[in-house]
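Working notes, structure below.
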Amino acid sequence: MSQTMTQPDAAPRKPFRRLLLTGAAGNLGRQLRGALAEWADVVRVTDIASLGEPAPHEEASVVDLADREAVMQLMEGVDAIVHLGGISIDAPFDDLLGANIAGTYNLYEAARKHGVKRIAFASSNHVIGFHPVTEVLDGDAPQRPDTLYGVTKCFGEALSRYYYDRFGIETVCMRIGSSFEEPKNPRMLVTYLSYRDFIELVRCSLFTNRVGHVVVYGASDNPVKWWDNTKVSFLGFSPRDSSAPFAARFPATAPDASRDDPAQRFQGGPFVLGEPLERENSR
Ligand code: NAI
Ligand code: 15L
């Protein structure tokens, strides 16, 4: 006798069976967790830091991305990955080496071994931070990292290119500007990416068919633009927010190429100075 597996009251399946979110305890990871609940039946959240109480649809694992075996185990049953985990400002090389270099390698290698086909990778504007503020860049602009942190993001972009060309794993490299609740300084009037636009950028990165390997800039629809996403318009990323409502807070202090201060002349802002930075880049 044939058996039917259909249950009349079963909830419709979501687009993904299981998504993996690294960096889930961080600033952007916390923003994304709610949205991912809509996109996947199960969200595996991971971080080196405490993840709090998992929601009913979440599986939580505290893991150091530098731990290759642990990262391999994270990948079991995963359809796609949002990779936010790692050190998110400049830091000593040995720290970046584990979290950002080895960690990203471990993630891609585990993805390859488990047949994962799509990764949304949190790259950074600090991949191109030594371009002057007078330039408008697209994804083909030469990398000009402003810090060792930026260099680790260049590594992630190159590694993901290799994993696409060699193994067919698709990656959207999201060169995020400044994604916080609000812009915190004049530079962020240009680099601001609202949380809502960030979530939309991740959505486009996960749901667009056949992305291959691409670089997209993550900024809201701000009045001044340094970055041009025309070449990747097929992603459908169309930011809805803007830094304009915050402009009055920073009168006459917009980044200015004529100033002596390198933090004013280059897109990376204070990162180019090689000085210790506060977490939220408040200079
Ligand atoms: P965050 O620093 O708040 O979050 C990063 C998370 O990664 C933290 O929870 C941290 O515990 C975790 N992490 C660090 N080392 C780890 C390791 N070895 N193993 C496992 N987890 C580790 O940063 P945020 O703002 O949430 O950014 C998320 C990602 O987006 C980062 O990769 C960052 O570089 C990138 N990004 C963020 C921007 C922003 O404006 N928020 C701008 C450009 C890039
Ligand atoms: C980044 O890459 C950092 O992760 C974030 O903390 C901000 O400093 C941002 O860049 C920025 O450029 O404002």
Side-chain angles (χ1 to χ4, degrees), residues 20-33 45-52 60-68 70-71 74 81-91 94-107 119-129 133 145-157 173-195 197-199 201-202 205 216-220 222 226-227 243 255 263 266-273 276-283:
L20 173 65
L21 173 64
T22 72
N27 164 42
L28 296 183
R30 290 193 305 273
Q31 299 303 321
L32 204 52
R33 280 168 77 163
V45 291
T46 186
D47 204 292
I48 200 170
S50 169
L51 289 151
S61 265
V62 173
V63 160
D64 182 349
L65 288 164
D67 180 342
R68 188 162 305 163
V71 172
L74 277 180
I81 304 167
V82 183
H83 180 38
L84 307 182
I87 295 174
S88 62
I89 55 172
D90 206 17
D94 287 341
D95 296 344
L96 291 164
L97 183 60
N100 292 19
I101 301 280
T104 303
Y105 169 75
N106 292 342
L107 187 99
I119 300 176
F121 166 56
S123 185
S124 170
N125 71 88
H126 296 291
V127 161
I128 45 81
V133 297
D146 54 26
T147 41
L148 287 176
Y149 162 67
V151 172
T152 69
K153 295 297 186 180
C154 294
F155 170 81
E157 292 192 1
C173 297
M174 305 177 293
R175 285 188 185 166
I176 301 167
S178 305
S179 195
F180 299 106
E181 185 77 44
E182 298 178 345
K184 297 179 182 302
N185 55 40
R187 172 177 170 271
M188 287 192 195
L189 294 177
V190 187
T191 59
Y192 176 62
L193 175 68
S194 72
Y195 288 147
D197 287 338
F198 165 70
I199 291 167
L201 179 60
V202 175
S205 301
V216 59
Y217 290 91
S220 287
N222 303 325
W226 291 334
W227 308 320
S243 64
F266 295 107
Q267 297 194 2
F271 278 63
V272 307
L273 300 174
L277 288 167
E278 294 301 321
R279 168 66 183 82
E280 293 188 342
N281 188 13
S282 55
R283 184 184 142 107

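Both counts, for ligands and for their atoms, begin at 1 and track the order of listing. Heavy atoms only: backbone and side chains are in, while hydrogens, waters and symmetry mates are out.
Between atom 3 (O) of ligand 1 and the options I176, V63, T22, N27, the minimum heavy-atom separation is to N27. Around atom 35 (C) of ligand 1, the closest heavy atom drawn from A122, A70, G85, G23 belongs to A122. Counting only non-hydrogen atoms, the option in L84, N125, L107 that gets closest to atom 28 (C) of ligand 1 is L84. Between the choices T191, T104, D47, L51, the shortest heavy-atom distance to atom 8 (C) of ligand 1 belongs to D47. Among F121, Y149, F198, the residue whose heavy atom lies nearest to atom 36 (N) of ligand 1 is Y149. Of all the listed residues (A66, G86, A99), G86 holds the heavy atom that lies closest to atom 14 (C) of ligand 1. Compare G86, S88, S179 by their heavy atoms: the one nearest to atom 3 (C) of ligand 2 is in S88.
Near S178, the atoms of ligand 1 lying under 4.0 angstrom from a non-hydrogen atom of the residue are 40 (O). Of all atoms in ligand 2, listed by their number and element, those nearer than 4.0 Å to a heavy atom of S178 are 11 (C), 12 (O), 13 (O). Numbered from 1 in the order shown, with element, the atoms of ligand 1 that lie under 4.0 Å from a heavy atom of D64 read 17 (C), 18 (N), 19 (N). Taking a cut-off of under 4.0 Å to the non-hydrogen atoms of F271, the atoms of ligand 2 that pass are 8 (O). Proximity to F180 (heavy-atom distance under 4.0 Å) selects the following atoms of ligand 1: 40 (O). Close contacts between ligand 2 and H126 involve ligand atoms 1 (C), 2 (O), 9 (C), 10 (O), 11 (C), 12 (O) [criterion: under 4.0 Å to a heavy atom]. Near F180, the atoms of ligand 2 lying under 4.0 angstrom from a non-hydrogen atom of the residue are 5 (C), 6 (O), 7 (C). Annotation for ligand 2: atoms under 4.0 Å from non-hydrogen atoms of N125 are 10 (O), 11 (C), 12 (O). Applying the 4.0 Å criterion to heavy atoms of L65 picks out, from ligand 1, the atoms 17 (C), 18 (N), 19 (N), 20 (C).
Of all the heavy atoms of S124, the ones lying under 4.0 Å from any atom of ligand 2 belong exclusively to the side chain. Looking at A24 against ligand 1, nothing comes within 4.0 Å, counting heavy atoms. Contacts between Y192 and ligand 2, counted as non-hydrogen atom pairs separated by less than 4.0 Å, are absent for every part of the residue. Counting heavy atoms under 4.0 Å from ligand 1, residue H126 does not touch it at all.
Under a 3.5 Å cut-off, the side chain of S124 and the backbone N or O of V127 do not form any donor-acceptor pair. Although no hydrogens or angles enter the test, the distance criterion places a donor-acceptor pair under 3.5 Å between the side chain of W226 and the main chain of V133. For S243 (side chain) and V190 (main-chain N/O), no donor-acceptor pair under 3.5 Å exists by modelled atom type.
Using a 4.0 angstrom heavy-atom cutoff, A25 counts as in contact with ligand 1. At least one heavy atom of R187 sits less than 4.0 Å from an atom of ligand 2. For G150, the heavy-atom gap to ligand 2 stays at 4.0 angstrom or more.
For the pair L84/L21, a side-chain contact is recorded, criterion being any heavy-atom separation below 4.5 Å from C-beta on.
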